Amino acid sequence: MDARDSAFLKILQEPGPEASGCSEKSTCGSSAGPADMDPEVWEKVKNHPCYSEEAHHFYARMHVAVAPACNIQCNYCNRKYDCSNESRPGVVSERLTPELAAKKVLAVASEIHQMTVVGIAGPGDSLANPEKTFKTFELISKAAPDIKLCLSTNGLALPDMVDRIADYNVDHVTVTINMVDPEVGEKIYPWIYFNKKRWKGRDAARILSERQLLGLEMLTAKKILVKVNSVMIPGINDEHLKEVNREVKKRGAFLHNIMPLISEPEHGTYYGLTGQRGPTAEELKHLQDSCEGEMNMMRHCRQCRADAVGLLGEDRSAEFTNEKIEAIEIQDVAYDLSAREAYRDKVEKTRETQRRIKEILVSGLGKNELLEDAPPILVAVATQGEGLINQHFGHAREFQVYEVDASDAKFVGHRRVDLYCEGGYGEDDSLARITEALSDCVAVMVAKIGGCPKKTLEEARIAAVDRFAHQSIKPSLLTYFAEYVADVRSGKIVPKEVSGGTKIRSGAYTAPPGEDVRLLARQPF
């Protein structure tokens, strides 16, 4: 807790204002807190980094790649690499046996106390590999009962597996649903493999959609939280996703995650090779904003690879390779449950303090009538987690973007960038790409920044702000907004015009030089 936050501690000792709950829990955003939802639901999401935007600053997830087979083909997926339903194309995860996966979970959890969730997201489809998936869950639940279990699926096999999912106490399931109209679906899915037969075209899309929606209804009937993933494909399903949003809400989905299509040609997907573009950051945000009134929207997804380890936005999988895990003797793994519980207790106290600080700050700012009509602004933040502005500009591989107005600082996305500092030196090309990635932001908040990048950002009308270093993100953003509005009204700052073409950048392509990336028509099993 920094000195600025400490100033609120005395006030925080007093009882806080009564918080009103949501009239309908499905209208609470993914950034909602304990006052906004049913206590049973809050217990499920409070330390799940994918289901709570607030939690993703503090808690880590781990994916185990035990499910290589898939039962559908998507036009945005090159089956030579990881499945793009839940992972960036162009990367190949280290595949595991269920036994090695359980051993790896213990090893990671003993080192990373903030790791609270283990998911199976591929590299194919978790439910196209049911024996491997559920054997993995069985071993993990015995070895580490405090870890939440979740899975991701395309939904084709889901109705047949719902009872089994419930039996293994998997209470978080992600279903990728890109359409509810087979006419749209046939443009996304060339084929599916169902009931020992390959289906194509509109028939394939109809079967897939029916199975997805039925599985969603069955899961929610068992009070299993469901996150729906949808890939936004401009000109194919972008407008249609509003209908998808309405239909999944009707069936009880807890969260909707609209992700951008990643379609660089080097990834070798059908869409990449045929020139289908992905959305701009502005297009993605507009669609998410349009759907937000209907239900919860997830905006902090990183489209993690199927063997990702760590906080969202970081990947520590290189520290826990199969070779390293195989060399570990299981009796040497120190799985300290009490230390993990102590970390969670500490985090929850920190989160509660930050909520109270924000409430007090918003209450004070609300008295300033000059702020009420001020339009919102976008501000980027360099952070290493814990809800703090605690990263050097040159060390950031991504920036988190917030929409800030008089009453709230809402997380709306992230921007991947090249690392600016390499061995103490700044790269001009990297700086140009960072400036482009943040072109719609009026400021970037960092723990520290050098004179050269600061000057370049300011020339692009992006203020580089380091005076809130190591302070809580949301209170700092609200304070900055008040200062910004005052400067605009005084004429000190002229609001910038945003062009609206900010490109969304995917993760780095990792195929070796010269690797053949032609689309492979791999058999489903």
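This chain uses plain numbering: 1 for the first residue, then up along the sequence. The structure displayed is predicted, hence computed values, not measured ones.
Side-chain N or O atoms of K455 include none that pairs as donor or acceptor with a backbone N or O of G450 at under 3.5 Å. Put simply, the side chain of S263 gets close to the backbone of Q276: a donor and an acceptor are under 3.5 Å apart. Within the 3.5 Å criterion, the main-chain N or O of I258 finds a donor-acceptor partner in the side chain of Q288. A distance-only check finds a donor-acceptor pair linking the side chain of S126 to the backbone of S152 [under 3.5 Å]. For the pair N178 (side chain) and V231 (backbone), a donor-acceptor distance under 3.5 Å is present. Side chain of K496 to main chain of S439: a donor-acceptor pair is present (N/O by atom type, distance under 3.5 Å, no hydrogens or angles).
Checking F481, Y480, F411 one by one against Y402, the ring pair (Phe, Tyr, Trp, His ring centres under 6.0 Å) holds for a single residue, F411. The only option from E348, M115, Q114 that meets the side chain to side chain contact (heavy atoms under 4.5 Å, CB included) definition with Y343 turns out to be Q114.
In this structure, F399 has its ring center under 6.0 Å from that of F393.
Summarising the geometry, atom CD1 belonging to I262 is positioned 10.0 Å from atom OG1 belonging to T269; distances are rounded to the nearest 0.5 Å. The distance from the CG atom of L255 to the OG1 atom of T174 is 8.5 Å, given to the nearest 0.5 Å. The line from CG of L151 to NE2 of H63 is 10.5 Å long, rounded to the nearest 0.5 Å. How far CD of E403 is from CD1 of I377: 10.0 Å, rounded to the nearest 0.5 Å. With rounding to the nearest 0.5 angstrom, the NZ atom of K346 is 12.0 Å from the NE2 atom of H113.
Side-chain contact between P123 and R95 is present, with heavy atoms from C-beta onward closer than 4.5 Å. Taking 4.5 Å as the limit, some side-chain heavy atom of R344 sits within range of a side-chain heavy atom of T116.
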Practice problem: Could you please spell out the steps behind the side-chain contact (heavy atoms from CB on, under 4.5 Å) verdict for T435 and T456? | Solution: CA-CA 8 Å; T435 303; T456 300; 4.1 Å; yes

Self-check item: Stepwise side-chain hydrogen bond (donor to acceptor under 3.5 Å, both in side chains) test for D125 and T153
Solution: CA-CA 6 Å; D125 186 79; T153 177; 3.2 Å; yes

Self-check item: Worked verdict on T97 versus L100 for side-chain contact (heavy atoms from CB on, under 4.5 Å)
Solution: CA-CA 5 Å; T97 64; L100 187 57; 3.4 Å; yes

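Taking both residues in full, the closest heavy atoms of P234 and G278 are given as CG-C, 3.7 Å, listed atom of the first, atom of the second, then distance. The minimum heavy-atom distance between L477 and M445, with the atom names listed, is CD2-SD, 3.7 Å.
Under 4.0 Å is where a charged nitrogen must lie from a carboxylate oxygen, and between R467 and E483 at least one such pair does. With respect to K349 and D345, no salt bridge is recorded, no charged nitrogen being found less than 4.0 Å from a carboxylate O. Using a 4.0 Å cut-off between charged side-chain N and carboxylate O, K148 and D171 make no salt bridge. Between E283 and R277 a salt bridge is recorded (basic side-chain N to carboxylate O distance below 4.0 Å).
Applying the side-chain contact (heavy atoms from CB on, under 4.5 Å) rule to N390 yields the partners T383, Q384, L388, H470; only residues at least two apart in sequence or on another chain are considered.
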